[in-house]
Amino acid sequence: MKKFAVAIAAAGLLSLGACHNRTPEGANVENQGDMIADNLNNAADNMSDMADNSSNAMSKDAMQNAADNLHQAASNVTDDAAAQADNVDTAVKGKK
């Protein structure tokens, strides 16, 4: 269920991102952030799967917490990349 929610959220963000007029430079910054966030989300999913397969309750909790932290880090990367892309767009458009 958690993976489904992440997929729905990602699809929603992609549709919002398509509405934004980015310069090529800004789009590059945002795309790099999205790729890093995707990698973090994949690592979080793997960690969550490992937690599901663990028979040790303490290890399971620790792995699930790590997975949650990775998902939050991915969200932060996406937000920061969008903000940096806005800054790049402003700088590039100011030079034209």
Drop me the distance from L70's CG to N39's CG, to the nearest 0.5 angstrom.
11.0 Å
How many angstroms lie between CD1 in I36 and CG in D80, if you round to the nearest 0.5 Å?
10.5 Å
May I ask you to test the R22-D86 pair for a side-chain heavy-atom distance under 4.5 Å?
yes
Salt bridge present between D52 and K60 (N-O < 4.0 angstrom)
no
Between the main-chain N or O of A74 and the side-chain N or O of T78, is there a donor-acceptor pair closer than 3.5 Å?
yes
Side-chain heavy atoms of S48 within contact of M63, under 4.5 Å:
no
How long is the gap from NZ on K95 to OG1 on T23, to the nearest 0.5 Å?
11.0 Å
Can a donor-acceptor pair be found between the side chains of N76 and Q72 at a distance below 3.5 Å?
yes
Separation of N69 CG from L40 CG (nearest 0.5 Å)
11.5 Å
Hydrophobic cluster membership, with links at side-chain heavy-atom distances under 4.5 Å among I/L/V/M/F/W/Y: are V29 and V92 in one?
yes
Atom of S54, atom of S59 and distance for their closest heavy-atom approach
OG-CB, 3.8 Å
Exercise: identify the closest heavy-atom pair between G26 and A85:
O-CB, 3.3 Å
Between the CD atom in Q84 and the CG atom in D79, the distance rounded to the nearest 0.5 Å is 12.0 Å
